[in-house]
Amino acid sequence: MTTNTLLLLLFSFLVAGGLSFFQYLYKVKNKSKLHLFLAFLRFTTIFGILVLLINPIISSRSLEIIKPPLPIVVDNSSSIVALNANKIAVAVYKKIISNKDLQDKFDVQSYQFDTEFRQSEQFDFKGKQTNLDAIAKDLKIVYRNSNFPTVLITDGNQTSGNDYVYSFDVENKVFPIILGDTTTVFDLKINQLNVNKYAFYKNKFPVEIFVQYSGNKNTKAKFSILQGNSVLSTQQITFSSSKKSAVIQMLLPAEKIGLQVFKAQITSNEKEKNRYNNTKNFAVDVIDQKTNIALISSINHPDIGALKRAIEANAQRKVTVLKPNQINALENYNVLIFYQPDNNFKTVFERAKSAAINTFIISGTTTDFSFLNQQQNNLIFKMSGQKEDYTPEFNSEFNVFAAENIGFENYPPLQNSFGSVTTNGNVSVLLSSKIRNIPTQMPLLAFIENKGKRSAFLLGENIWKWRLQNYLNHQSFEKFDGFADKIIQFLASNATKKALVVTHDNFYNSGEAIVITAQYFNKNYEFDEKARLTIAIVNSKTKQTKNYDLLKGNNSYKVNLDGLSAGSYTFSVKELNSKTKYSGSFEILDFDIEKQFVNPDIEKLTQLASATNGKVYYPNQTDLLIQSLLKNEAYKSVQKSSVTKTPLIDWIGLLILISVALTTEWFVRKYNGLL
């Protein structure tokens with residue numbers, strides 16, 4: 001408590017005493033006990049009010065020792081079990097965590113990781129994926145602005161996430177303890193297999209396979225692709241100490257419609273330690289129909305190439321780029337994309353209306369909006385010759401189809417003529433526009449469905465910049481291409497809108513995220529946020545049934561089915577209030593990526609240690625690691641002084657005391673006739 005506060009309290013005491021004395025005792029001839037009691041009540045009231053105003057605070061200082069953190073991170077993925085290193089991992093962890101000298105010097109924290117990074121002191125080594133990159137990101141968040149070492153107990157074999165070698169903070173040393181047998185053994189492995197999800201009936205589809213060899217002698221292997229008991233293709237491969245890998249490319253026939261499951265395998269006469277990685281199952285959905293899209297433009301623009309590549313990312317789509325006067329047989333196309341139409345498009349518009357083909361109109365700075373107003377009345381344009389940049393704003397209430405916000409707000413603006421756009425009729429807006437971050441209340445991307453005819457409008461050019469930005473954000477075009485595919489999927493179908501729409505893949509790999517998405521619409525075809533959706537999953541072989549509830553997101557319901565074993569499944573999604581039902585099926589392919597390894601990735605872990613100025617250790621060198629950490633003078637405890645300020649009084653209690661004193665004084669004065 002400061003000197004000023006003490007002086008104020010003393011002054012308050014004198015003021016309260018003086019006022020009480022003046023009112024009840026000064027010039028009073030008969031100083032009875034009643035007057036003394038009333039003076040005491042008045043003193044209590046005045047002094048209490050003044051103390052409330054002063055609010056005296058007591059400060060206390062304490063010293064605290066802050067130890068540097070020492071995260072002990074253990075690989076909890078099933079690859080540790082596959083390498084017979086789970087017991088060693090636990091032994092190493094216990095040896096480090098129980099060391100009293102380390103506990104005295106560091107704030108020792110235990111973590112585990114597989115798909116995710118989390119705090120834990122128990123390990124079951126059942127993780128389906130290994131994401132070392134997640135460790136780097138989360139440690140930076142947990143120990144921001146701290147200097148600390150990290151002990152990483154792992155085999156270094158990563159199956160998901162970005163390359164972890166340079167993900168860790170170079171200022172904080174990483175000390176990997178390498179688990180698993182480092183002896184090179186003979187092993188043949190299918191490292192990667194690339195194939196499209198879809199193929200077309202009576203066509204051939206390509207398969208690309210990367211095979212890898214571990215060993216020191218020359219050997220021959222046979223690579224085969226099978227479907228059931230039938231061998232579709234074989235190829236002989238030769239490996240040596242200088243040739244450790246091979247790339248195989250094959251064309252397979254699509255002779256049956258529907259989901260076709262294949263098996264790739266590589267075999268030899270040599271004995272292998274791990275044969276699980278010799279095979280890999282894959283599936284292809286063979287379809288007998290392809291969506292043909294005509295992209296019609298009278299100008300050259302980067303958008304045309306970007307749209308063609310985005311749409312054709314789905315093998316079911318084929319885009320043909322044409323001039324307005326080059327299109328002849330409209331019946332060959334399912335969707336027409338009009339890019340920046342002008343008067344040259346007049347004939348094409350008329351023929352598209354006659355043929356009732358769905359259209360996607362994209363406007364820009366060279367669009368003839370007067371012509372566009374003549375050809376349709378869904379959007380009414382009043383545009384000037386001035387150019388303007390329009391940024392997108394995602395509408396989470398959009399319910400025409402399941403649309404995900406892929407980060408539109410951070411995308412570059414699209415350029416269009418400045419003016420006003422008015423909607424007419426039933427127009428659903430997915431993206432509205434903003435100018436310099438001010439909403440315009442005008443659409444940027446809109447969809448119309450009227451009497452079975454569907455159309456879409458994108459009001460701006462330079463969408464190629466969106467695709468490029470998507471790649472910069474995610475190192476992949478997948479999200480943007482998927483967004484473009486949903487637009488084409490909407491336009492390619494004239495089917496009546498269903499109340500229950502379910503989205504799922506026909507097959508998944510074991511260990512992948514298995515997510516099924518559903519949307520339920522009411523009688524007005526508005527997204528129903530009060531729907532109650534459940535899903536029943538039935539294993540086709542064992543007939544075992546599992547039931548789940550679908551959880552509501554922004555504009556859809558989702559269920560995560562991770563943990564299902566490999567096999568064929570049927571399912572039905574049901575809305576409990578209306579009894580609406582959807583049935584489907586999918587297959588989970590037997591593939592455990594964590595069983596693909598026979599050795600730890602020493603090279604990557606060594607690079608990680610070198611990048612952070614750390615050092616690689618093995619389980620039998622745990623004592624050396626402990627001693628190194630104890631001797632390292634870079635990690636020291638810090639003495640932190642903290643000041644705690646607490647109020648001297650309880651203001652609620654003091655208010656009650658003041659109220660009681662005032663009330664008592666009033667009643668006493670009233671009773672004795674002093675009022």
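Here the side chain of Gln519 pairs a donor or acceptor atom with the backbone of Asn555 at under 3.5 angstrom.
To the nearest 0.5 Å, the span separating OH on Tyr471 from CD on Glu478 amounts to 12.5 Å. Note that the CD1 atom of Ile72 and the CD1 atom of Ile97 stand 5.5 Å from one another [nearest 0.5 Å]. Note that CG of Leu70 is 9.0 Å distant from CG of Asp107, once rounded to the nearest 0.5 Å. Atom CZ of Phe47 is separated from atom OG of Ser20 by 11.0 Å, given to the nearest 0.5 angstrom. Within the model, atoms CD of Gln112 and OG of Ser120 stand 4.0 Å from one another, a figure rounded to the nearest 0.5 Å. The CG atom of Asp623 sits 12.5 Å away from the OG atom of Ser628 when rounded to the nearest 0.5 Å.
With contacts defined as side-chain heavy-atom distances shorter than 4.5 Å, the pair Val421/Pro443 qualifies. Side-chain contact between Asn131 and Thr115: absent, with no pair of heavy atoms (C-beta onward) separated by less than 4.5 Å. Counting only heavy atoms from C-beta outward, the side chains of Ile153 and Val73 never approach each other to under 4.5 Å. Residues Leu152 and Phe113 form a side-chain contact, since some pair of their non-hydrogen atoms from C-beta on lies under 4.5 Å apart. Contact annotation: the side chain of Asn470 never approaches that of Lys465 to less than 4.5 Å [non-hydrogen atoms, C-beta and beyond]. With a 4.5 Å cut-off on side-chain heavy atoms, Leu179 and Asn86 do not count as touching. No side-chain heavy atom of Thr517 sits less than 4.5 Å from a side-chain heavy atom of Leu550. Lys67 has its side chain out of reach of Lys636: every pair of non-hydrogen atoms, C-beta onward, lies at least 4.5 Å apart.
A side-chain N or O of Asp133 and one of Ser167 form a donor-acceptor pair less than 3.5 Å apart. Side-chain contact of Ser78 with Glu594: a donor-acceptor pair under 3.5 Å is absent, judged by distance alone. For Asn473 and Gln469, the side-chain atoms include at least one donor-acceptor pair closer than 3.5 Å. Using a 3.5 Å distance cut-off with no hydrogens or angles, the side chains of Ser110 and Glu121 do not pair a donor with an acceptor. Using modelled atom types and a 3.5 Å distance limit, the side chains of Thr159 and Gln129 yield a donor-acceptor pair.
In this structure, Lys479 pairs ionically with Glu404, as a charged nitrogen and a carboxylate oxygen lie closer than 4.0 Å. A salt bridge links Arg42 with Glu665: at least one charged nitrogen is closer than 4.0 Å to a carboxylate oxygen. Comment: Glu575 does not engage Lys530 in a salt bridge, judged by the lack of any side-chain N to carboxylate O separation of less than 4.0 angstrom. The pair Asp169-Lys173 does not count as a salt bridge, with every side-chain nitrogen at least 4.0 angstrom from each carboxylate oxygen. Checked for salt-bridge contact, Lys100 and Asp104 miss the test: no charged N lies under 4.0 Å from a carboxylate O.
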task: Kindly indicate, with the supporting measurements, whether the criterion side chain to side chain contact (heavy atoms under 4.5 Å, CB included) is fulfilled by Tyr618 and Ile177.
output: CA-CA 5 Å; Tyr618 295 93; Ile177 299 179; 5.9 Å; no
query: Would Phe106 and Asn99 count as a side chain to side chain contact (heavy atoms under 4.5 Å, CB included) if you check the C-alpha gap in whole Å, the side-chain angles of each, and the deciding distance to 0.1 Å?
result: CA-CA 11 Å; Phe106 295 97; Asn99 188 282; over 6 Å; no
message: Using the rule given for ring pair (Phe, Tyr, Trp, His ring centres under 6.0 Å), can you reason through Phe398 versus Phe527, listing the C-alpha separation, both sets of side-chain angles and the distance that settles it, and then say yes or no?
response: CA-CA 8 Å; Phe398 180 80; Phe527 179 71; over 10 Å; no
- request: Test Val515 against Asp562 for side chain to side chain contact (heavy atoms under 4.5 Å, CB included), laying out the working first.
  value: CA-CA 8 Å; Val515 178; Asp562 292 357; 5.7 Å; no
CA sep, side-chain torsions, deciding dist, call: Ile435, Tyr390, side chain to side chain contact (heavy atoms under 4.5 Å, CB included): CA-CA 5 Å; Ile435 299 177; Tyr390 296 90; 3.6 Å; yes
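Atom NZ of Lys105 has more than 12 neighbouring heavy atoms from other residues, nucleotides or ligands inside a 6.0 Å radius. Counting non-hydrogen atoms of neighbouring residues, nucleotides and ligands closer than 6.0 angstrom, the CD atom of Gln119 exceeds 12 such neighbours.
Taking both residues in full, the closest heavy atoms of Val165 and Ala611 are given as O-CB, 4.1 Å, listed atom of the first, atom of the second, then distance.
Relative to the six-membered ring of Phe477, Arg467 meets both conditions, a distance below 6.0 Å and an angle of at most 45° to the axis.
Ring geometry for Tyr111 against Tyr143 counts as perpendicular: the plane angle is over 60°, on a 0 to 90° scale with 30° as the lower cut. Ring geometry for Phe175 versus Tyr617: interplanar angle of 30 to 60°, hence tilted.
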